[in-house]
There are 4 protein chains.
Amino acid sequence: METREEAVEPGTWRQYGPSTLPKPLEAALEAFAERGYDGTSIREVAARAGLSVPGLYHHYPSKQALLVSLTTLVMRDLLDRSRQALEEAGPTPSERFDAVVESLLRYHMFRRNQAFVASTEMRSMEPDNRKAYIALRDEQQRMLDEIVRDGVASGEFGTEFPEDASRAVTTMCVAVASWYRPDGPLSPDEVVRRYLAIARCAVGAR
Amino acid sequence: METREEAVEPGTWRQYGPSTLPKPLEAALEAFAERGYDGTSIREVAARAGLSVPGLYHHYPSKQALLVSLTTLVMRDLLDRSRQALEEAGPTPSERFDAVVESLLRYHMFRRNQAFVASTEMRSMEPDNRKAYIALRDEQQRMLDEIVRDGVASGEFGTEFPEDASRAVTTMCVAVASWYRPDGPLSPDEVVRRYLAIARCAVGAR
Amino acid sequence: METREEAVEPGTWRQYGPSTLPKPLEAALEAFAERGYDGTSIREVAARAGLSVPGLYHHYPSKQALLVSLTTLVMRDLLDRSRQALEEAGPTPSERFDAVVESLLRYHMFRRNQAFVASTEMRSMEPDNRKAYIALRDEQQRMLDEIVRDGVASGEFGTEFPEDASRAVTTMCVAVASWYRPDGPLSPDEVVRRYLAIARCAVGAR
Amino acid sequence: METREEAVEPGTWRQYGPSTLPKPLEAALEAFAERGYDGTSIREVAARAGLSVPGLYHHYPSKQALLVSLTTLVMRDLLDRSRQALEEAGPTPSERFDAVVESLLRYHMFRRNQAFVASTEMRSMEPDNRKAYIALRDEQQRMLDEIVRDGVASGEFGTEFPEDASRAVTTMCVAVASWYRPDGPLSPDEVVRRYLAIARCAVGAR
DNA sequence: CATGAATGAGATTTCATTCAT
DNA sequence: GATGAATGAAATCTCATTCAT
């Protein structure tokens, strides 16, 4: 009876296998994460990708194109996962809030570098590319804003400043990418549990 | 009865005049904030400082030295202000928490660029310089960690995860530097009021 | 009674249909005319020819080969036309002079790009290829030189400096390629009329 | 009683010492003349100028700048000489015609490479630079055009097509740069004598 | 400190050409 | 012949830094 175009297994948004980026993007990602866009030479990316420099140019016509392809894929992946989390969530703002926050948190742990580079290297994008990236990022932010507003309207959330709280929550989640380490003391599930508690509190849940 | 080395007017930590950085550092700051360390040429810094290139080298022996001087001054300023806020605060963990958080928030609003560059360009520091910078930053973080722990011990804060909450709070405050604009809709006092509410809640105050 | 190998319609040397160059050479011609040999990439030629790059290499083994094939065809065409013009001309040096000059003028108007590229890109030819090209060009020049000498000998031309006059005439005709435009104010016939007058005068005709 | 700003020795326009171009331009000139603009690498120019590559960039900010500086100096020099020749010439169109043609001829013999590169590499100039160059070149052409028109008006020149004749004469003179060799069989004075004869005839002098 | 000249190293990008399919 | 991938060599240009004056 399922009539959706793409029927996806439930919970897929929680599953993170090894990243499926094409090799040159994987190489660019690592390099950008370590040294930044401007601090990374195309030679370095090519070497990491196991290509000659012109070989790299055969696939991506410029350094900027690497950044754009990378960040676009990243934001699409994040958005897809958040949307899927929402679809599977219960109907109440609280449930929806938890779902989006959890998807944000997991993404920033399991796709740490991707998330970090995307948010950090916005300034290295050429104007048009930046505009396109910001549009995607804003879409993600608005998703949470709306839920928080709904929660305040329904009385589930008590915050006086829904916008600020929403941004503060996003901010916290994004920052996870800069300290979380897979081999650190906290498991992803534990991070989710703890940050979810803080996030709920930030919006005055209950 | 005052026996401190430097007796400072009370509330100085809340006062932010125009920055007192030496001109070359001011120039470097603006450039680094706009284009990043690697994206900034020494010629650009010299031009912004109204100096010739060799003139700039007369004051700072390398590009790296500009970054180090800059970030060291920044962290010292922030630490000084936080310490002063603490000295003037009441004795309870709640009062002390509020003081440190407010000092963090104000710093990240009034010294937006400084805070942003310092936190962003850590990766551009040579190993020893990075180590020294991290030491200062950790000192700042430990200041808050300790207060949160004290608050939990005293029963004023109810969080289960003092360390996480403390880091999340710092994180939120640091991120203020990347969205706050002096000509935006929120006054610094209002930002302080709102974020303080969120921060208190994150540590389970009350 | 006709015994020539190839009997050609009279006046053919005056007829210029659309150029019959193979497509890759046509493409190379246009590109070389616009941007010069060194300023043209093989990819550009391939694209203009509607071929893939390896497809182009299938027909011509190198960029240099394109230039050589092109200029050889061009010079042969020009020489053929001049020879044919001579064959159809009357026996006097004046008549023969007019015929060759007219053929030169028409070629440089109707095969403007070909003539321009051939004369311009001599310096881009590898030594042996250049030598071969120069041989053809000299043959053309000698054709005119000889007629002028005959005309002086017969008293029809009065110039003191037959060689100089002959070269100056060639020069003028070649230069027509760099200013003549099919949509300009002068018809080819009119250009022929005017330049022929100047050319005759340069050799002291009458 | 001389009140001119710059009193110049008469006949200066006929004097050609060794060229006074700055060394990098001299180097660029030779290279461009031999291999063309696109065929010349900046390394080659630097090497010929006895500079490192960045050393060359210290003086000229781009390859294009070399071309522009060079061709501007060239056209100014030529124009100055032609104007001076005119000032010293007698009042009749014939005398003025001879003066300008002689100045053109001498320039294209003594500054052969300069003249050749300037006329050849127009297509390598960026649009604005080309426009500026063409303006200078047209000024030179109009100088001759005007004289020829005057000569026709006064009855000294009999040509039916003053514009064509004028361009043909210029063309001949310019082309001298591509065959004249200082060690060839004709002295500059002799070339002047012979070409002047042809040029006069082209405009129907007498 | 400013000016001006200089440079080794290295940046991004392009080119002609080749080969496997 | 087209497609796609690949590459050594070389192109233009920039950078941090230095030195003489």
Side-chain angles (χ1 to χ4, degrees), chain A residues 22-24 28 35 37-47 49-67, chain B residues 23-24 28 35 37-47 49-67 124, chain C residues 23-24 28 35 37-47 49-67 124, chain D residues 22-24 28 35 37-47 49-67:
Chain A
K23 218 170 172 198
R35 321 168 103 77
Y37 180 79
D38 280 315
T40 297
S41 82
I42 216 95
R43 279 175 147 79
E44 232 176 276
V45 176
L51 287 175
S52 68
V53 170
L56 179 59
Y57 271 91
H58 180 69
H59 298 282
Y60 297 86
S62 69
K63 195 183 175 186
Q64 179 76 194
L66 284 168
L67 181 59
Chain B
K23 218 169 172 197
R35 323 169 99 76
Y37 179 79
D38 281 314
T40 298
S41 83
I42 213 101
R43 286 190 135 76
E44 221 177 289
V45 176
L51 286 174
S52 67
V53 170
L56 180 59
Y57 273 93
H58 188 258
H59 296 285
Y60 298 86
S62 72
K63 194 184 177 185
Q64 178 77 197
L66 284 168
L67 180 60
S124 304
Chain C
K23 218 169 172 197
R35 322 170 98 78
Y37 179 79
D38 282 312
T40 297
S41 81
I42 213 102
R43 286 192 135 75
E44 223 177 289
V45 176
L51 287 176
S52 67
V53 170
L56 180 58
Y57 272 93
H58 187 258
H59 297 285
Y60 298 86
S62 70
K63 195 183 176 188
Q64 179 75 198
L66 284 168
L67 181 59
S124 304
Chain D
K23 216 168 171 199
R35 321 169 105 74
Y37 180 79
D38 280 314
T40 298
S41 83
I42 216 96
R43 280 175 145 80
E44 232 176 278
V45 176
L51 287 173
S52 66
V53 169
L56 178 59
Y57 271 93
H58 180 69
H59 299 281
Y60 298 86
S62 69
K63 194 183 176 186
Q64 178 78 192
L66 284 168
L67 180 60

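Reminder, nothing fancy here: chain letters follow the sequence lines and each chain counts from 1.
Interatomic distance, CG of D:D38 versus OH of C:Y37, reported as 12.5 Å (0.5 Å rounding). Atom OG of residue B:S124 and atom CG of residue B:L67 lie 6.5 Å apart, to the nearest 0.5 angstrom. The distance from the CG atom of B:L56 to the NZ atom of B:K63 is 11.5 Å, given to the nearest 0.5 Å. Put simply, NE2 on D:H59 and NZ on D:K23 are 11.0 Å apart, with the number rounded to the nearest 0.5 Å.
Nearest to the side-chain atoms of B:P54 among the listed nucleotides E:dG4, F:dG1, F:dA16 stands E:dG4. You'll find that the side chain of A:S41 is closest to E:dT12, out of E:dT12, E:dT13, F:dA2. Comparing E:dA11, E:dT7, F:dC13 by their nearest atom to the side chain of D:K63 picks out F:dC13. For B:R43, counting side-chain heavy atoms from C-beta on, the closest listed nucleotide (F:dT17, F:dT12, E:dT18) is F:dT17. Of all nucleotides listed (F:dC19, F:dA6, E:dA2), E:dA2 comes nearest to the side chain of B:L51.
Using a 4.0 Å cut-off, some side-chain N or O of A:H59 falls inside it from OP1 or OP2 of F:dA6.
Side-chain contact check for D:Y57 versus D:I42: some heavy-atom pair is nearer than 4.5 Å.
Remark: P of E:dT12 and CG of B:D38 are 11 Å apart, rounded to the nearest angstrom. When rounded to the nearest whole Å, the span between CG of B:L66 and C1' of F:dA16 equals 12 Å. Taking atom CG of C:L56 as the reference point, atom C1' of E:dC15 lies 14 Å away to the nearest angstrom. Straight-line distance from the OH atom of A:Y60 to the P atom of E:dT12: 17 Å, rounded to whole Å. If you measure from atom CG of A:L67 to atom P of E:dT12, you get 13 Å, rounded to the nearest angstrom. A straight line from CD1 of A:I42 to C1' of E:dT14 spans 13 Å, rounded to a whole angstrom. Distance OH (A:Y57) to C1' (E:dT12): 4 Å, rounded to an integer number of Å.
Judged by closest nucleotide on DNA chain F, A:G55 is the one of D:Y37 and A:G55 placed further toward the 5' end. Each of C:V53 and A:P61 was assigned the nucleotide of DNA chain E with the nearest heavy atom; the assignment lying further toward the 5' end belongs to A:P61. Closest-nucleotide positions on DNA chain E for B:H58 and C:E44 were compared, and the one nearer the 5' end corresponds to B:H58. Annotation: of the two residues near DNA chain F, C:S52 and A:S52, the 5′-most nearest-nucleotide partner is C:S52.
Base pairing of F:dT12 is made with E:dA11, judged by Watson-Crick or G-U wobble geometry with both donor-acceptor distances under 3.5 Å. E:dT21 is paired with F:dA2 under the criterion used here, namely a Watson-Crick or G-U wobble arrangement in which both key atom distances are under 3.5 Å.
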